[in-house]
Structures are given as structure tokens and as C-alpha cells.
Amino acid sequence: MPKQARNKFPLAAPAILATLLLTFGAVSFAPVFADTVTYGGSATVLSISGLLTSQTFGAASLDSSGGWVSAPMSEVQTSSASAEMLTSSSFGQGQQAESEAATGNLVLLAGTPGEVDLDFAMSQSYATCSGAHGSAQLGSLTVGGQTVAVTGDANQQFSIPGVLDLVMNEQTLSSSGITINALDLTTPDGTQILVDSASSSVSCSSLAGLSAPPGAHLRVTPDNGVTGTPGCIDFTTGGGWITPPAPYTGGKSTFGFNAGYKNGGPDPRGEVEYHDHTSGQFNIHSIDVLYYQCGPFSNTRVFGGDAELNHVSGYCYQIYIQDNGEPGQGNDYFAIWLWSTADNPGIDCSSSASVVNYNAAYANGNYLGGGNIEIHT
């Protein structure tokens, strides 16, 4: 294992050895059915437009027939913006459409009187045949050196006269859907920057509704990962941030992912992006998704495969998630493990039953401090 990587593990496996207990109740809806459904959906992490040029990063656009699309994640570095792209995906199935986009460590207009610094942002939009809703979550925000108190209200505004106008949690409703922008920044010279734009719409020939998953009880001790079981031919998406659970301490770790069986395909697919800013600002990026399985209960999934640590390959990763309904903040759970293949001869990154027999080099997990996780069945 490269020395650079080995030095990045102060939040090692003990950070999630504590036993966690979760209990939640079911919410039920009376389902009705639609004859024809047409979907609309898109997600974009960052778009920058000016009088002469425009740039778009992390864009995913849903086909009118539905399915699941996602954009590849990377880091953005331009003259007007830098950011970690965490997730961007759109989904349409049954009588619903959903889109989400998330960003970490965002800096806009660096070095100017209107510099914007934001550690985390996520937008989510939902549409069904009976209506649409959505919201944006924003972390610590400063604009022009001023701390901005984010209220969570739709279309919150902040301005620096002659410098910029900013709209937070911007929400625009249409006849069949909604568009959410975490930030909409404009400047007097005609520049517009949209951060984490998520749009969803559904057109139906009759009313339709959704059924929520049943309640469950879960107790797990995640020493070196979780062994999954086959049978969950669906997919999950999510983005957000966590901190190490007590008694451990540390700053935010941001993540974004999509994983599972896309559009009925025979093999799992997806992508994971994870940044631990406490431990020297390193990142884990998935190379593939080699397994996607059911967790211990119906609201859990386990997936993993090969990964890079700080752009160096030679690692196995595993993700364990719980989707505990809305809101995701404080309820959903995310955990990640990383194993060095060089330090663990014989480890099989394609098997959850294999990796749990080896000592993880890094692990972290907790209930979400912000963001959301969803299992799409």
C-alpha cells in the first residue's frame, strides 16, 4: 500500500465498532393506478452561464419512458467555481419520478468580494400523479466573508448590492412537476451559477399513489463490513454527510452514490464518491460495483467492489445503507469500509462474504447529519 495512503487512516475501523439500534414505523398510503405515465427528470451538479459561454457538470437526463440515469462524478475546477461532485441522478418508475444532486466543498467566485463557500449542498425533487414537492439542504454557508443563516425556507434570498444576488432552496413548480436549485447565484455582468439542480415531473392519465416500505428493527455491529444476501434486484441512491459516532470525534465526511440493477440489467452498476475531510482530505472512489445485495432487513442494502484511494487502485470497498423514510437527516444511515488488497492476500472484492473476514484499513459510519438515502424498488 502506498505510504501516502497508509498515513490517511486516523479514523480507522474503531470509528464504527459501537452497536447501533434503529427502530422506525411504517407509513402507508392507499394505492391507486395510472393507465399511462410519462416521466420527466434531470439533475445537474453545477451549471455556469455567461454572456458568451456556458459550462455544465454532472448532468443526467431521464428518458420519457423512465428508468434510472446517473452522471459520472469528479471534481470541478474552473475560474469561477470549484467543487466535489457527490451525486447526480434521476429516476422514473411506476407512478413517481425523483431526481437528486449533491455537492461538497463548494467555492464560487473565489478571491472576489462575492466569494461563496459552502461545505455541503443537496437538492431533491419528487413528482407523482397527485403532486410534486422537493427541497434543498445547505450546510455552513458564507458569502463575501459573511455567515449566512440558512432558514430552510423556499426561495430564501441574500444580496450584496452591486456584487451578487443569491437564492437558496429555489423552488419552481410547474403543472406536472418541480425544479429545485440549492443555490441560484447571479451577478450584475450577467453570470448565473446554479448549484445542485434537480427536476422531476410526471404526467398520468389517472391519479396514482405510492406505498411506503414496511417498518423494521435493525441491530448491527459493523466491525469489518456486513455480509449481504442475493435477491434485491433494485437500486439505491443517496448523498449527504456524516461525522464519526460518539465517543469518536471528527469533522464532516461527504458522500454520494448510486448503485444497483439499472433498468433490469443482469449485473449491478453504479458509482461511489466519498471524502473524509478530517483525515487529511482524502477520497475513496469506486472503480466498479461487483455486488449489490440485500442487507439484514428490508430497508438495508450492501454493495461493494474495487476502489481507488486518492486516485491509487488496490483496494476493496463496501457500503452499507439504511433507508429509514423521510427526512433522511438524522434517520438514514451510511457506513463505508476500505481494505487494502496488498495487505490482505486472498481477499475477494467481488464478495461481501469474503471481505468481512479481513481487517478493514478504514471505516466510518453514522446517521446522516444532512442529506438523504433512498432505496428504489
Side-chain angles (χ1 to χ4, degrees), residues 1-16 45-46 57-58 70-78 81-88 102-107 110 117-120 139 222 224-225 238-244 248-259 269-290 303-321 334-345 347-350 355 358-366 369 371:
M1 179 166 58
K3 185 175 187 296
Q4 179 188 19
R6 188 181 296 274
N7 290 337
K8 300 294 187 178
F9 295 134
L11 290 181
I16 50 172
V45 171
L46 192 67
F57 302 91
S70 61
M73 297 292 100
S74 62
E75 295 186 1
V76 176
Q77 292 288 343
T78 74
S82 64
E84 298 165 354
M85 298 194 296
L86 297 178
T87 189
S88 178
T103 306
N105 271 14
L106 175 74
V107 181
D117 296 275
L118 178 62
D119 61 355
F120 174 76
N224 279 312
W241 60 270
I242 59 172
T243 57
Y248 308 99
T249 59
K252 291 180 180 178
S253 295
T254 55
F255 68 88
F257 67 85
N258 61 84
R269 298 164 56 189
E271 186 174 19
V272 178
E273 189 74 21
Y274 174 85
H275 297 258
D276 185 335
H277 304 288
T278 301
S279 301
Q281 295 209 12
F282 76 101
N283 73 80
I284 298 169
H285 180 79
S286 65
I287 298 173
D288 47 40
V289 175
L290 297 179
F303 59 92
D306 299 296
E308 295 177 339
L309 173 65
N310 291 343
H311 311 291
V312 177
S313 60
Y315 299 89
C316 301
Y317 79 95
Q318 184 182 95
I319 306 295
Y320 170 84
I321 62 96
F334 173 89
I336 184 170
W337 294 262
L338 191 74
W339 295 263
S340 166
T341 56
D343 292 345
N344 295 287
I347 193 170
D348 181 1
C349 295
S350 67
V355 294
Y358 296 85
N359 293 322
Y362 174 88
N364 194 16
N366 207 345

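All residue numbers in this chain count up from 1 along the given sequence. Everything numeric in this text was worked out from a predicted model, so none of it was measured.
Take Phe334 and apply the ring-ring contact (aromatic ring centres under 6.0 Å, His included) test, not counting sequence neighbours, and it matches Phe255. Taking Ser88 as the reference, nothing meets the side-chain hydrogen bond (donor to acceptor under 3.5 Å, both in side chains) condition, with sequence neighbours excluded. By the side-chain hydrogen bond (donor to acceptor under 3.5 Å, both in side chains) test, Gln318 pairs with Tyr291, sequence neighbours left out. Asp288 pairs by the side-chain hydrogen bond (donor to acceptor under 3.5 Å, both in side chains) definition with nothing, not counting sequence neighbours. Every side-chain contact (heavy atoms from CB on, under 4.5 Å) that Thr254 has, sequence neighbours left out, goes to Glu84, Leu86, Phe120, Trp241, His275, His277. Not counting sequence neighbours, the partners of Ser350 by the side-chain hydrogen bond (donor to acceptor under 3.5 Å, both in side chains) test are Asp348.
Separation of atoms CD (Glu308) and CG (Asn283) is listed at 8.5 Å; rounding is to 0.5 Å. To the nearest 0.5 angstrom, Cys316 atom SG is 8.0 Å from Asn344 atom CG. Taken to the nearest 0.5 Å, the CG atom of Asp117 stands 8.5 Å off from the OG atom of Ser82. The CD atom of Glu75 sits 7.0 Å away from atom CD of Glu273, with the distance rounded to the nearest 0.5 Å. Put simply, CZ on Phe257 and CD1 on Ile336 are 10.5 Å apart, with the number rounded to the nearest 0.5 Å. Distance check: Thr243 OG1 to Lys252 NZ gives 9.5 Å after rounding to the nearest 0.5 Å.
Pairing each heavy atom of Ile347 with each of Tyr358, the nearest pair is N-OH, 3.5 Å. Nearest heavy-atom pair, Ile284 versus Ala307, reported as atom, atom and distance to 0.1 Å: CG2-CB, 4.2 Å. The heavy-atom pair separating Leu290 from Asp306 by the smallest distance is CD1-OD2, 3.4 Å. Residues Cys349 and Val355 approach most closely at CA-CG1, 4.4 Å, considering heavy atoms. Of all the heavy atoms in Leu106 and Leu46, the pair that sits closest is CD1-CD1, 4.4 Å. Heavy atoms only, all atoms of each residue included: Thr87 and Met73 are closest at N-SD, 3.3 Å.
A donor-acceptor pair shorter than 3.5 Å can be found between the side chains of Tyr362 and Tyr274.
Within the 4.5 Å cutoff, the side chain of Val45 has no heavy atoms near those of the Val76 side chain.
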